[in-house]
Amino acid sequence: MSEHDTYEALQIEIKGDDKVRELRGIGRQYNAASKFVDEKVESGLHDKVAIYYKEQTVTYKQLQEKMNQFGNALRQLGVEMEHRVLLVCHDRPEFFYSFFGAIKMGAVPIPVNTMMAPLDYEYFVNNSRARAVVIQDEVWNKISHLRDRFLYLKHVIVISESATTDSSVYDYHCLVSGQPTSLEPAHTETNDEAFWLYSSGSTGNPKGVIHLQHDMECAYNSFAKQVLAMNEHDVTFSASKLYFAYGMGNGMYFPLGAGGSTVLLEEKPTPENIYETIEKYRPTLFFGVATLYGALIDYAERAERQYDLSSLRLCVSAGEALPAPFIRKWKNLYNLEILDGIGSTEALHIYISNFPGDIREGSSGKVVPGYEAKVVNEVGVRVPPNEIGELLIKGDSITHGYWGLHEENKRKLLGEWLSTGDKYLMDDEGYFWYCGRSDDMIKVGGIWVSPIELENTMLRHEAVLEVAVVGVKQENDLEVPKAYVVLKDGYTPDEELKSELQSLLKQELAPYKYPRVFEFVKELPKTATGKIQRFKLRIS
Ligand code: 3UK
């Protein structure tokens with residue numbers, strides 16, 4: 001450990017001249033890992049279970065020790081304050097250890113989706129200039145051939161069930177097992193970078209969204225405390241994964257902030273394993289995306305028995321608009337409320353939400369305490385109630401900015417306000433109603449899909465002349481991507497060609513992105529200048 005990493009070390013150094021004075025440029029220490037883990041242990045939560053994972057439990061004390069061991073391992077490897085560490089980890093305890101372990105020693109963890117295509121990881125590693133990556137073995141096996149292309153990456157730490165035999169990488173468990181279980185937190189301050197998350201853009205590459213040390217505490221104090229009224233008896237279960245901003249709050253820093261517990265499901269969520277997990281671990285709060293509630297309702301309506309959700313006191317939906325009928329059906333099935341709320345990676349968590357006992361079906365609800373929201377016209381002036389405009393928000397958990405995207409930062413961060421890219425109207429009573437995106441992005445099951453990325457991939461097929469992808473609403477009001485394809489002369493629009501296109505997409509892109517609906521058309525609607533008129537396709 002470097003002697004300059006702690007405030008104490010710095011103080012000792014200047015004691016030589018007798019007077020101990022504050023060092024200039026060194027402010028009050030604030031470390032998010034100490035806030036969410038160390039302070040909980042000190043407050044007496046020692047033996048309380050923090051994490052339920054398969055048949056294991058992890059207590060707060062064990063979490064602290066494992067976090068410290070990971071932080072020490074990074075230091076031993078030469079990782080320093082402000083170095084980035086990419087985290088490609090499923091929902092399992094190692095996510096907590098490496099995320100908070102990195103933050104505690106001053107490094108900046110960047111959790112990313114574990115389902116991406118190899119070239120997406122090349123982008124994440126190089127764009128973030130990560131020094132180290134912590135990665136699930138099956139993902140590493142898919143990208144290890146790209147290692148020479150990872151310009152700044154020094155260390156690969158692989159999480160696997162059996163110790164890896166590859167000497168060019170570290171085995172996570174071997175690396176941490178001998179490390180000391182105590183660790184002095186780095187002297188970070190509230191406005192230091194704590195972690196990043198990547199968010200997809202409509203045209204270009206994913207954007208690194210920078211979050212500061214105090215952002216998690218802000219989001220906790222606003223949504224978790226004042227909307228959900230979380231307390232130490234709460235046990236959360238999030239179907240949305242920890243590497244999404246939504247899941248990270250739900251399943252990690254909310255329960256820790258409350259001194260409660262979390263249930264982790266490592267596998268891809270399905271109605272079957274969701275119901276099974278709820279019945280087995282009896283959580284009090286459940287978090288999902290609208291698409292999943294739809295699937296859970298369908299599944300329950302066809303099931304031979306009733307599921308026991310009596311442990312739950314509240315359910316939350318975010319990521320995409322929640323159709324009103326889902327709220328009623330869920331209430332009929334389980335006598336439970338679903339709170340729809342809108343959040344974003346940039347805001348870190350939910351800033352407008354329905355409240356327990358105060359639900360407006362089909363609306364996103366009211367502003368969450370700690371945030372402000374306004375609906376404005378093209379020149380940034382607030383519009384009267386019931387008029388549609390662009391939603392701007394303000395609050396302390398909002399991102400410090402996008403990594404390296406100077407122009408984007410100027411467009412999105414308007415003084416204290418963040419432009420969300422969403423169209424909204426606020427009614428007379430202060431409820432906000434979602435009216436669509438201002439860009440072409442599509443949300444599928446709460447996850448971004450860029451139409452441009454799908455179009456560019458399909459254009460590589462020899463039969464494709466033109467293609468446009470748009471989000472279309474299904475009968476249940478949820479959006480899915482639909483591809484309108486114009487073929488070159490001499491090609492026949494048949495099932496075979498359709499499945500060829502689908503397999504090209506599945507091969508090249510993360511599997512969740514492929515268009516659910518295809519339509520072969522003779523031509524696409526265009527403006528006089530030749531620009532595709534997507535809005536016409538959305539309504540056809
Ligand atoms: C859309 C919604 C209608 C909207 C997120 C909760 O979804 C989250 O973050 P992302 O960065 O996407 C943000 C965008 O998704 N959206 C989210 N929730 C709703 N649209 N109704 C909703 N309830 O376009 C928003 O700008 O992936 C959600 C907490 C943290 C999050 N990051």
Side-chain angles (χ1 to χ4, degrees), residues 111-113 195-202 206-211 215-216 218-220 222-224 227-228 236 238-254 287-293 315-324 326-327 338-355 359-368 371 373 375 390-393 395 397-399 402 412 418-425 431-450 471 473 477-479 512-513:
V112 295
N113 193 326
F195 62 98
W196 298 5
L197 290 164
Y198 274 95
S199 177
S200 322
S202 60
K207 301 172 282 188
V209 178
I210 300 170
H211 280 288
D215 291 5
M216 290 187 284
C218 290
Y220 172 78
S222 291
F223 183 68
V227 178
L228 304 180
T236 62
S238 174
S240 174
K241 298 295 175 197
L242 298 170
Y243 48 73
F244 294 121
Y246 180 44
M248 177 185 281
N250 308 337
M252 187 167 74
Y253 66 85
F254 285 178
F287 302 83
V289 294
T291 301
L292 181 65
Y293 283 103
C315 300
V316 177
S317 175
E320 56 186 343
L322 179 68
F326 291 10
I327 300 181
I338 310 178
L339 304 182
D340 187 10
I342 177 171
S344 70
T345 310
E346 287 82 351
L348 190 57
H349 216 277
I350 293 173
Y351 51 83
I352 289 177
S353 178
N354 284 279
F355 286 65
I359 290 178
R360 244 344 114 88
E361 288 177 7
S363 98
S364 305
K366 288 181 165 168
V367 181
V368 172
Y371 297 94
V375 180
E390 164 100 22
L391 180 71
L392 305 189
I393 56 162
S397 65
I398 291 171
T399 180
Y402 299 112
K412 290 281 182 60
L418 169 84
S419 159
T420 62
D422 293 303
K423 299 257 177 249
Y424 261 87
L425 73 74
Y431 291 93
F432 285 78
W433 300 80
Y434 179 69
C435 304
R437 291 285 303 170
S438 329
D439 57 22
D440 296 322
M441 293 297 280
I442 310 168
K443 272 285 183 107
V444 186
I447 312 179
W448 285 127
V449 171
S450 158
K473 274 202 176 169
D477 256 7
L478 293 168
E479 219 176 34
Y512 62 86
K513 292 178 182 170

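Treat the numbers as computed from the prediction; the structure is a model and nothing was measured. In each ligand, atom 1 is the first atom listed, and ligand 1 is the first ligand listed. What's counted below: heavy atoms across the whole structure, side chains too, no hydrogens, waters or symmetry copies.
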Query raised in the report: Does a donor on one side chain sit under 3.5 Å from an acceptor on the other, for Y371 and S397?
Result: yes
Requested in this report: Please could you name the atoms of ligand 1 that L348 approaches to less than 4.0 Å, counting only its heavy atoms?
Outcome: 30 (C)
Requested in this report: Pick whichever of S397, G343, S344, S363 has a heavy atom sitting closest to atom 32 (N) of ligand 1.
Outcome: S344
Report summary line: So the atoms of ligand 1 within less than 4.0 Å of a heavy atom of G341 turn out to be 18 (N), 22 (C), 23 (N)
Requested in this report: Please work out whether any backbone atom (N, CA, C, O) or any side-chain heavy atom from C-beta onward of I342 is under 4.0 Å from ligand 1, and answer side chain, backbone, both or neither.
Outcome: both
Query raised in the report: ligand 1 and D340, any nitrogen or oxygen pair closer than 3.5 angstrom?
Result: yes
Report summary line: atom 6 (C) of ligand 1: closest protein heavy atom, distance to 0.1 Å, is Y246 CD1, 3.5 Å
Query raised in the report: Any cation-pi pair here, K366 with Y431, using under 6.0 Å and within 45°?
Result: yes
Query - Pair Y424, S364: side-chain N/O donor-acceptor within cut-off below 3.5 Å - result: yes
Query raised in the report: Any N/O of K443 closer than 3.5 Å to an N/O of ligand 1?
Result: yes
Report summary line: Taken to the nearest 0.5 Å, the spacing of L197 CG from M248 CE works out to 4.5 Å
**Report entry** Of V227, V316, N250, I342, the residue whose pairing with I350 passes side chain to side chain contact (heavy atoms under 4.5 Å, CB included)
**Finding:** V316
Query raised in the report: So, is G319 polar-close to ligand 1, with some N/O to N/O distance under 3.5 Å?
Result: yes
**Report entry** Side chain, backbone, both or neither: R437 near ligand 1, heavy atoms under 4.0 Å
**Finding:** side chain
Query raised in the report: Should the pair F195 and H211 be assigned to parallel (<30°), tilted (30 to 60°) or perpendicular (>60°) ring geometry?
Result: parallel
Query - Numbering as shown, the atoms of ligand 1 that approach I350 to under 4.0 Å (heavy-atom distance) - result: 6 (C), 29 (C)
Query - Atoms in ligand 1 with a heavy atom of T345 nearer than 4.0 Å - result: 9 (O), 10 (P), 11 (O), 27 (O), 32 (N)
Requested in this report: Specify side chain, backbone, both or neither for Y434, according to which of its non-hydrogen atoms lie closer than 4.0 Å to ligand 1.
Outcome: side chain
Query raised in the report: Nearest to atom 14 (C) of ligand 1, what protein heavy atom do you find, and at what distance?
Result: W448 CZ2, 3.4 Å
Report summary line: Heavy-atom proximity to atom 25 (C) of ligand 1 ranks first, among D422, N250, I352, for D422
Requested in this report: Look at the aromatic rings of F287 and F254 and report parallel, tilted or perpendicular, splitting at 30° and 60°.
Outcome: tilted
Report task. Tell me which protein heavy atom sits closest to atom 3 (C) of ligand 1, plus the residue, atom name and distance to 0.1 Å. Result -> A321 N, 3.3 Å
